[in-house]
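Residue numbering restarts at 1 for every chain, and letters A, B, ... go by the order of the sequence lines.
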Number of protein chains: 2
Amino acid sequence: MERIERHACFGGWQEVWQHKSESLDCTVNFAVYLPPAAAEKKCPVLYWLSGLTCNEQNFITKANAQRYAAEHGVIIVAPDTSPRGDDVANDDAYDLGQGAGFYVNATQQPWAPHYRMYDYIRDELPALIEQHFPATDARAISGHSMGGHGALVLALKNPGRYRSVSAFAPIVAPSQVPWGEKAFAAYLGDDRDTWLEYDAVVLIAKAQEKLPLLVDQGLADNFLEEQLRTGLLEDACSKAGYPATIRYQEGYDHSYYFIASFIEEHIAHHAAALQG
Amino acid sequence: MERIERHACFGGWQEVWQHKSESLDCTVNFAVYLPPAAAEKKCPVLYWLSGLTCNEQNFITKANAQRYAAEHGVIIVAPDTSPRGDDVANDDAYDLGQGAGFYVNATQQPWAPHYRMYDYIRDELPALIEQHFPATDARAISGHSMGGHGALVLALKNPGRYRSVSAFAPIVAPSQVPWGEKAFAAYLGDDRDTWLEYDAVVLIAKAQEKLPLLVDQGLADNFLEEQLRTGLLEDACSKAGYPATIRYQEGYDHSYYFIASFIEEHIAHHAAALQG
């Protein structure tokens with residue numbers, strides 16, 4: 001494991017590390033923000049999952065989450081969104097292959113050998129973080145768009161693993177929308193029953209624990225109607241009696257300007273659960 | 001003039017506009033952040049000048065200044081760093097030509113026809129902003145690296161035009177450092193006397209007004225010793241009795257992580273002068 005970037009930031013350190021991942025069978029980067037408090041004690045960790053086309057850089061350069069992580073003493077880990085490299089299967093489209101791992105374990109060729117982002121995020125990365133950084137095992141998870149889908153699915157499928165979950169403009173029902181249908185057909189195959197294992201709206205109905213859940217969705221988001229369909233999550237939470245806070249923000253689009261505007265409240269949401 | 005981007009951001013709007021500049025004789029972009037207060041009244045304007053290789057995007061996507069501009073009711077205008085286009089002279093180096101205008105009016109070929117960033121920033125852009133946006137004529141100016149040089153020079157050469165000035169890691173003495181020597185030789189020619197018109201350390205000595213001046217410089221900045229040489233500005237201010245606040249920040253480098261960490265204090269510095 002090698003550190004490839006290190007920048008002072010809000011009194012702490014924004015770092016980027018590169019390592020050979022077992023789950024992904026390739027070399028990948030992840031970013032880690034160490035708040036000032038981490039110089040003196042172990043801190044809880046928020047995992048941030050990015051959206052389509054992103055890598056570990058987008059969140060750390062654009063969201064300004066470090067300010068609030070510094071205030072609350074929370075480490076933020078931002079992984080890449082897929083395996084990478086010349087030997088890793090890819091596709092010319094922006095919504096399949098490298099940059100578009102969808103946080104699943106692929107079962108189909110040519111994706112199965114490397115596309116195991118679900119295992120990477122759930123097991124390998126936290127083990128690495130808790131071994132090599134001043135991190136406790138108190139974990140929270142959040143993400144944007146495809147990463148919002150990932151955060152919801154990881155949290156809902158793994159009771160006891162996270163203390164809180166949130167999302168910006170998540171894909172809430174990948175089985176029912178074009179982005180998800182395309183990716184799941186490729187990674188998981190034609191049997192749609194296997195897709196339901198990675199579909200937040202389905203998983204909400206059978207959730208074994210109720211985590212603090214916060215979702216922000218912009219009303220000027222071009223993807224809202226066709227790809228994100230936040231209403232399906234509202235309905236599912238309502239039916240399941242899952243006490244989610246789902247907010248619609250007038251005028252906001254799908255960009256990092258939206259995330260930057262509300263990340264303070266998401267960090268506070270997670271800090272309360274992590275330190276409570 | 002055409003609006004090419006518009007995003008809700010901290011209750012206001014982050015916009016990018018494209019126009020045909022007379023000074024630059026080409027089409028260029030500029031970014032403008034309109035705080036919530038601008039929906040109801042005219043607001044003062046902070047001009048932000050970016051550094052080498054940047055365009056109008058870097059500051060608006062990475063610094064998170066919008067949060068503080070929203071709080072203080074300040075418009076932020078972030079222009080490009082040079083003229084652009086296939087018809088505009090260029091150089092393969094990152095520190096000359098497009099992306100490296102150095103905020104001067106070039107007198108030498110092939111640069112003279114388009115490289116007139118000094119006039120653009122001083123006259124054309126503010127006139128445009130004050131005509132087309134809810135902006136008062138209260139102006140402040142700031143910038144990073146090459147843009148810090150630009151901000152200092154614009155403020156020092158134009159008494160009455162700005163109410164305050166600040167800079168992150170500015171090139172304070174371009175006539176004495178490699179970046180400046182290369183650019184000034186190309187744009188202004190071999191007569192070094194002409195360079196002194198754009199050299200903050202020289203201009204401080206004959207400044208006709210004393211503006212509130214704030215400078216932050218990272219101590220882990222790789223360019224500090226050879227290119228930035230903040231100490232020369234300290235000496236010049238001290239000799240001239242110019243009451244500058246020049247701060248060195250332990251551990252911080254030349255990146256936007258440094259700017260993001262201290263931009264709140266710069267916005268507050270300008271807001272106090274603009275609204276005082």
Side-chain angles (χ1 to χ4, degrees), chain A residues 3-16 31-36 38-39 54 57-71 76 78 168-169 216-222 224 247-265 267, chain B residues 3-16 31-36 38-39 54 57-71 76 78 168-169 216-222 224 247-265 267:
Chain A
R3 188 170 66 200
I4 56 176
E5 284 188 45
R6 187 171 195 244
H7 312 277
C9 185
F10 288 99
W13 296 97
Q14 180 61 61
E15 303 183 343
V16 178
V32 57
Y33 178 69
L34 300 168
C54 291
Q57 291 288 328
N58 302 67
F59 184 70
I60 64 173
T61 56
K62 295 183 168 181
N64 205 47
Q66 295 95 341
R67 174 182 166 154
Y68 316 110
E71 285 172 8
I76 301 183
F168 288 84
D216 272 308
Q217 174 61 54
L219 284 172
D221 185 328
N222 288 333
L224 174 52
R247 311 188 302 188
Y248 293 91
Q249 305 290 358
E250 183 79 34
Y252 285 85
D253 63 20
H254 201 66
S255 71
Y256 263 90
Y257 295 109
F258 164 55
I259 297 172
S261 298
F262 297 100
I263 193 72
E264 177 174 18
E265 293 165 64
I267 303 292
Chain B
R3 187 170 67 199
I4 57 176
E5 281 188 46
R6 186 173 196 243
H7 312 276
C9 186
F10 287 101
W13 296 98
Q14 181 60 60
E15 301 183 344
V16 178
V32 57
Y33 177 68
L34 300 167
C54 291
Q57 291 289 326
N58 302 66
F59 184 71
I60 64 173
T61 57
K62 294 183 168 181
N64 206 48
Q66 295 95 342
R67 175 183 164 153
Y68 315 110
E71 286 173 8
I76 301 182
F168 289 84
D216 272 308
Q217 175 61 53
L219 284 173
D221 185 328
N222 288 332
L224 174 53
R247 311 188 303 188
Y248 293 91
Q249 305 290 356
E250 182 80 34
Y252 285 85
D253 63 19
H254 201 65
S255 71
Y256 264 91
Y257 295 109
F258 165 54
I259 298 172
S261 298
F262 297 100
I263 191 72
E264 176 174 18
E265 293 164 65
I267 303 291

Do you know which two heavy atoms are closest between [X] and [Y], and how far apart they sit?
{"X": "Asp253(B)", "Y": "Arg6(A)", "value": "OD2-O, 4.0 Å"}
{"X": "Gly251(B)", "Y": "Ala8(A)", "value": "O-CB, 3.2 Å"}
{"X": "Phe10(B)", "Y": "Tyr252(A)", "value": "N-OH, 3.4 Å"}
{"X": "Thr61(B)", "Y": "Tyr257(A)", "value": "CG2-OH, 3.4 Å"}

remark   = Answer key: most heavy-atom pairs under 4.5 Å with chain A among Arg67(B), Lys62(B), Gln249(B) is Arg67(B)
request  = Among Phe262(B), Tyr256(B), Phe258(B), Tyr68(B), single out the residue with the greatest number of heavy-atom pairs under 4.5 Å to chain A.
outcome  = Tyr68(B)
ask   = To the nearest 0.5 Å, how far apart are CG in Asn64(A) and OG in Ser261(B)?
value = 8.0 Å
Portion of Ser255(A) that has a non-hydrogen atom of chain B nearer than 4.5 angstrom = side chain
message = Please classify the contact of Gln66(A) with chain B as side chain, backbone, both or neither, using a heavy-atom distance under 4.5 Å.
response = side chain
